Amino acid sequence: MQRRRYVGVCFRTVRQGALRAVIRLAIYLVQSGRSAAIRGRNCFDFCPVLLYNEFMERILTYNVSDDYAGKNIKTLLKQHFKMSSALILSLKRNEDGICVNGERKYVDYVLQCGDNVSLTMRENASENIEPAKIELDIVYEDEDLMIINKPPHMPTHPSMGHHENTLANGLMYYFRNEPRIFRAVNRLDKDTSGLMAVAKNGYTHARLCDEIKEGALKRKYIAIVCGALESGGTIDVPIGRAAGSVIKHAVTENGRRAVTHYRILRRLGEYTLIELELDTGRTHQIRIHMAHIGCPLLGDWLYGEENRELFPRQALHSYYARLVHPVTGEVLEFKAPLARDMKKFVEKFDKDIEI
């Protein structure tokens with residue numbers, strides 16, 4: 001697993017009403033030379049004031065350059081940080097949500113070159129999600145986001161019949177000493193395996209969701225479909241809710257646009273191994289689109305034909321993700337090996353295949 005920390009931004013866990021005391025404690029530790037003893041750790045983990053009423057605090061900082069000198073704070077928040085009006089409003093509600101050179105300022109304050117802007121975001125833990133000790137395959141983690149390789153048969157969110165066996169439950173246990181809100185960026189169906197991005201704060205979540213809308217967050221999947229496809233192609237048909245169903249979606253004239261690109265990787269007798277890339281992120285998009293052209297996913301009980309003896313789930317795996325880090329601007333790429341059950345099925349036809 002990759003874990004990263006970077007300079008210029010920080011996050012802390014503090015108790016409401018005790019912020020000043022915690023800051024004074026941090027200053028004392030630094031001045032007394034004890035900071036080395038806690039380097040690489042959340043320096044407030046040991047503090048007894050963390051026992052109750054905790055919230056997570058995320059601080060972003062920015063040194064004003066010539067690009068924003070003479071412009072107001074709202075322009076900086078909108079153009080540089082790409083913050084929504086809702087996020088800006090939440091900052092304004094915090095006493096120290098927007099500060100310049102250590103002093104609270106309003107969004108109409110005009111910035112000068114060299115000013116230090118600090119933005120403090122706070123949030124409480126997700127309610128009604130019970131922590132559960134579940135093994136997680138964490139591919140990458142830093143202060144703002146996580147990339148997780150989700151196994152098949154694991155729901156993303158708690159729902160009826162799935163209260164303690166979901167990815168959200170596992171992450172609440174993983175963050176049991178840090179209050180967090182569960183924010184999945186690209187949700188995978190229960191029986192779909194592979195890479196998922198999870199945001200650690202509201203700002204990161206909003207930015208990554210914007211990347212999906214703008215096409216900057218790239219996702220590629222591998223699937224096994226029924227039928228012998230002759231060539232790759234692009235499916236561009238709208239998707240909406242199926243009439244009379246609360247679960248099923250369908251190709252509908254009044255649906256939202258959905259675009260799926262696919263190419264053939266290998267023919268497997270009556271089946272085809274394909275790679276898919278999405279331009280949009282509609283519910284069940286790949287499953288619906290492949291069924292629409294007469295090649296439903298192997299094992300898809302909802303849009304194809306269920307045969308648990310042949311394959312116990314829809315044969316779909318999210319194997320590749322590329323995104324721009326919302327804070328650092330760094331381009332990050334990740335790959336996850338093909339899920340074990342899909343690899344085993346493919347090897348029945350070609351034992352030497354490398355995916």
Side-chain angles (χ1 to χ4, degrees), residues 82 84 86 139-140 144-150 152 154-157 159 166-168 181-200 202-223 225 232-242 245-263 274-293 296-297 300 302-303 313-326 331-336 339:
K82 296 181 172 62
S84 65
V139 178
Y140 174 89
D144 292 288
L145 63 90
M146 302 175 72
I147 302 296
I148 296 173
N149 185 16
K150 187 185 84 66
M154 176 187 283
T156 297
H157 294 276
S159 60
T166 73
L167 178 62
I181 295 176
F182 178 67
R183 290 188 172 97
V185 177
N186 60 314
R187 296 170 177 83
L188 297 182
D189 297 334
K190 176 172 74 72
D191 289 337
T192 299
S193 57
L195 298 175
M196 274 188 61
V198 176
K200 287 188 174 183
Y203 174 70
T204 301
H205 185 261
R207 289 292 307 278
L208 290 178
C209 288
D210 286 342
E211 286 191 28
I212 291 179
K213 295 176 184 176
E214 297 163 0
L217 198 160
K218 300 292 184 182
R219 297 153 291 160
K220 294 181 182 179
Y221 297 76
I222 290 178
V225 298
T234 296
I235 306 170
D236 186 352
V237 291
I239 290 175
R241 285 197 177 276
S245 176
V246 296
I247 300 175
K248 196 171 184 179
H249 289 64
V251 172
T252 60
E253 291 183 2
N254 298 324
R256 301 171 69 188
R257 188 186 183 201
V259 181
T260 303
H261 308 282
Y262 65 95
R263 69 183 183 93
I274 62 173
E275 179 192 75
L276 305 104
E277 184 171 354
L278 305 181
D279 285 353
T280 53
R282 310 299 174 221
T283 301
H284 299 168
Q285 177 172 321
I286 289 174
R287 299 166 66 183
I288 294 168
H289 273 177
M290 297 314 298
H292 179 70
I293 64 171
L297 269 59
D300 192 341
L302 189 59
Y303 300 102
R313 65 178 180 102
Q314 69 259 13
L316 182 62
H317 179 74
S318 171
Y319 89 96
Y320 174 86
R322 177 185 180 275
L323 58 89
V324 179
H325 195 288
V331 176
L332 303 176
E333 288 186 290
F334 307 97
K335 288 185 178 181

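Positions are given from 1 along the sequence. Note that this is a predicted model, so its numbers are computed, not measured.
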### Task
Evaluate the side chain to side chain contact (heavy atoms under 4.5 Å, CB included) criterion for residues I286 and Q314: first the C-alpha distance (whole Å), next the side-chain angles of each, then the deciding distance (0.1 Å), finally the verdict.
CA-CA 11 Å; I286 289 174; Q314 69 259 13; over 6 Å; no
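- D279 approaches H261 most closely through the heavy-atom pair OD2-NE2, 2.8 Å.
- Applying the ring-ring contact (aromatic ring centres under 6.0 Å, His included) rule to Y303 yields the partners H284; only residues at least two apart in sequence or on another chain are considered.
- At least one donor-acceptor pair under 3.5 Å links the side chain of D300 to the backbone N or O of L302.
- Across all non-hydrogen atoms, the minimal contact from T252 to P238 is O-CG, 3.0 Å.
- Using modelled atom types, no side-chain atom of K200 and backbone atom of T204 make a donor-acceptor pair closer than 3.5 Å.
- The shortest heavy-atom contact between I239 and H249 is CG2-CB, 4.1 Å.
- Between the side chain of H289 and the backbone N or O of T234 there is no donor-acceptor pair closer than 3.5 Å.
- Closest heavy-atom contact between N149 and G194: OD1-CA, 3.3 Å.
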### Message
Set out, in order, the CA-CA distance, both residues' side-chain angles and the distance that settles side chain to side chain contact (heavy atoms under 4.5 Å, CB included) for N186 and L217, then state yes or no.
### Response
CA-CA 10 Å; N186 60 314; L217 198 160; 5.6 Å; no
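- Between A321 and L195, the shortest heavy-atom contact is N-CD1, 3.8 Å.
- Atom OG1 of residue T192 and atom CG of residue L297 lie 8.0 Å apart, to the nearest 0.5 angstrom.
- Note that CG of L188 and CG of L167 are 9.0 Å apart. Values are rounded to the nearest 0.5 Å.
- S193 and R313 share a donor-acceptor pair across their side chains, judged by distance under 3.5 Å alone.
- Within the 3.5 Å criterion, the main-chain N or O of V246 finds a donor-acceptor partner in the side chain of R241.
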### Query
Is there a side chain to side chain contact (heavy atoms under 4.5 Å, CB included) between L323 and I147 once you walk through the steps?
CA-CA 11 Å; L323 58 89; I147 302 296; 4.1 Å; yes
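- For the side chain to side chain donor-acceptor pair (under 3.5 Å) criterion with Y320, the lone passing option out of E333, E275, E277 is E333.
- Annotation: the span from R282 atom CZ to T260 atom OG1 amounts to 10.5 Å, rounded to 0.5 Å.
- The OH atom of Y203 sits 7.5 Å away from atom NZ of K82, with the distance rounded to the nearest 0.5 Å.
- K218 contributes atom NZ, which lies 10.5 Å from atom CG of L278 (distance to the nearest 0.5 angstrom).
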### Query
Between R219 and I212, is a side chain to side chain contact (heavy atoms under 4.5 Å, CB included) present by the stated rule, with each step listed?
CA-CA 9 Å; R219 297 153 291 160; I212 291 179; 3.8 Å; yes
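- Between P326 and L145, the closest side-chain pair of non-hydrogen atoms falls below 4.5 Å.
- Among all heavy-atom pairs drawn from Y140 and F334, the shortest one is CB-CE2, 3.4 Å.
- A heavy-atom distance below 4.5 Å is found between the side chains of V185 and H205.
- With 3.5 Å as the limit, one finds no donor-acceptor pair spanning the side chains of H157 and T166.
- In this structure, the side chains of M290 and I235 come closer than 4.5 Å at one or more pairs of heavy atoms.
- For the atom pair CD1 of I222 and CG of L276, the computed distance is 9.5 Å after rounding to the nearest 0.5 Å.
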